[in-house]
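Note sheet for the following structure.
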Amino acid sequence: MNTVLWIAQGILAVMFGMAGVMKSTQPIDKLMKSGLNWVERFPIPTLRFIGLCELLGAIGLTLPWASDILPILTPIAAAGLCIIMLLAAFHHLNHKESKAVVFNIVLLLLAAFVAYGRFTSL
């Protein structure tokens, strides 16, 4: 089970790490060209905050558990990413973006799996 959790953590860390860097550093027009059309509905500081949260979540998924320094932070980071994905799914539901909702739910379930798995193995 530990191996499966590490694989899930790695997938989530890469996805949220890349998304976090993009949302924290890229201009709005470049993000829109990459397919993130929803970014125009948010103020830039909010978008940067979302990106920073995703980036910190990606780091929190791997570093504390791998270094054995405050490993409780890994399932907390996964739970935080669940909240982000839940809010994103509601946003996309309100704007009738069903493909984005499905993607959010998949990431939510994967993060919930990691949170549960790591909380129970503390």
Side-chain angles (χ1 to χ4, degrees):
M1 185 57 119
N2 186 48
T3 303
V4 174
L5 284 167
W6 269 115
I7 291 168
Q9 285 171 247
I11 291 167
L12 287 169
V14 168
M15 294 189 78
F16 280 108
M18 289 181 356
V21 167
M22 283 177 52
K23 290 174 195 157
S24 335
T25 61
Q26 299 295 319
I28 299 294
D29 60 334
K30 189 169 183 182
L31 289 170
M32 289 184 63
K33 286 179 186 172
S34 70
L36 300 176
N37 297 326
W38 58 269
V39 298
E40 68 182 354
R41 296 190 287 257
F42 288 92
I44 292 176
T46 303
L47 182 64
R48 301 299 184 221
F49 177 71
I50 293 168
L52 181 63
C53 289
E54 289 178 344
L55 186 56
L56 290 174
I59 293 167
L61 281 172
T62 54
L63 191 59
W65 200 268
S67 67
D68 202 29
I69 299 172
L70 293 173
I72 186 72
L73 294 177
T74 293
I76 291 171
L81 292 172
C82 287
I83 293 168
I84 292 172
M85 288 298 97
L86 188 62
L87 293 171
F90 282 130
H91 174 79
H92 292 300
L93 268 174
N94 286 336
H95 292 279
K96 297 178 179 31
E97 299 167 341
S98 57
K99 288 182 183 179
V101 173
V102 171
F103 187 67
N104 294 143
I105 297 300
V106 169
L107 291 178
L108 168 73
L109 292 174
L110 196 56
F113 169 71
V114 170
Y116 177 78
R118 291 307 185 198
F119 270 128
T120 58
S121 59
L122 283 173

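Checking side-chain atoms of Thr74 against main-chain N and O of Gly60 turns up a donor-acceptor pair under 3.5 Å.
A pairwise comparison of heavy atoms in Leu81 and Ala58 identifies CD1-N, 4.5 Å as the closest pair. Closest heavy-atom contact between Ala13 and Leu61: N-CD1, 3.8 Å. Between Pro64 and Leu73 the shortest heavy-atom distance is CG-CB, 3.7 Å.
Legend: residues meeting side-chain contact (heavy atoms from CB on, under 4.5 Å) with Phe103, ordered by chain and number and at least two apart, are Met15, Leu107.
Residues Ile7 and Leu12 are members of one and the same hydrophobic cluster, defined by side-chain heavy-atom contacts under 4.5 angstrom among Ile, Leu, Val, Met, Phe, Trp and Tyr. Leu36 is connected to Met32 through a chain of hydrophobic side-chain contacts under 4.5 Å among Ile, Leu, Val, Met, Phe, Trp and Tyr, so both are in one cluster. Note on Leu31 and Phe42: same hydrophobic cluster, where clusters join Ile, Leu, Val, Met, Phe, Trp and Tyr whose side-chain heavy atoms are under 4.5 Å apart, directly or indirectly. Side-chain heavy atoms closer than 4.5 Å link hydrophobic residues (I, L, V, M, F, W, Y) into clusters, and following such links, possibly through other members, connects Ile72 to Trp6. No path of Ile, Leu, Val, Met, Phe, Trp and Tyr side chains, each step under 4.5 Å between heavy atoms, connects Leu56 with Leu70, placing them in separate hydrophobic clusters.
With contacts defined as side-chain heavy-atom distances shorter than 4.5 Å, the pair Arg48/Ile44 qualifies. Annotation: side chain of Glu54 is in contact with side chain of Met85 (closest heavy-atom distance under 4.5 Å).
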Would you list the atom pairs, donor with acceptor, under 3.5 Å between side chains in residues 109-122 and any protein atom, with sequence neighbours excluded?
from   : atom 1 : to     : atom 2 : distance (Å)
Arg118 : NE     : Gln9   : OE1    : 2.7
Arg118 : NH1    : Asn2   : OD1    : 2.8
Arg118 : NH2    : Asn2   : OD1    : 3.1
Arg118 : NH2    : Gln9   : OE1    : 2.8
Thr120 : OG1    : Tyr116 : O      : 3.0
Thr120 : OG1    : Gly117 : O      : 3.1
Ser121 : OG     : Gly117 : O      : 3.0
Ser121 : OG     : Arg118 : O      : 3.4

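Distance check: Ile83 CD1 to Leu86 CG gives 8.0 Å after rounding to the nearest 0.5 Å. Distance check: Thr46 OG1 to Arg41 CZ gives 13.5 Å after rounding to the nearest 0.5 Å.
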With side chain to side chain contact (heavy atoms under 4.5 Å, CB included) as the criterion, how do His91 and Asn104 come out once you've worked through the C-alpha distance, each side chain's angles and the decisive distance to 0.1 Å?
CA-CA 10 Å; His91 174 79; Asn104 294 143; over 6 Å; no

From CA spacing to verdict: side chain to side chain contact (heavy atoms under 4.5 Å, CB included), Ile105, Leu108:
CA-CA 5 Å; Ile105 297 300; Leu108 168 73; 4.2 Å; yes

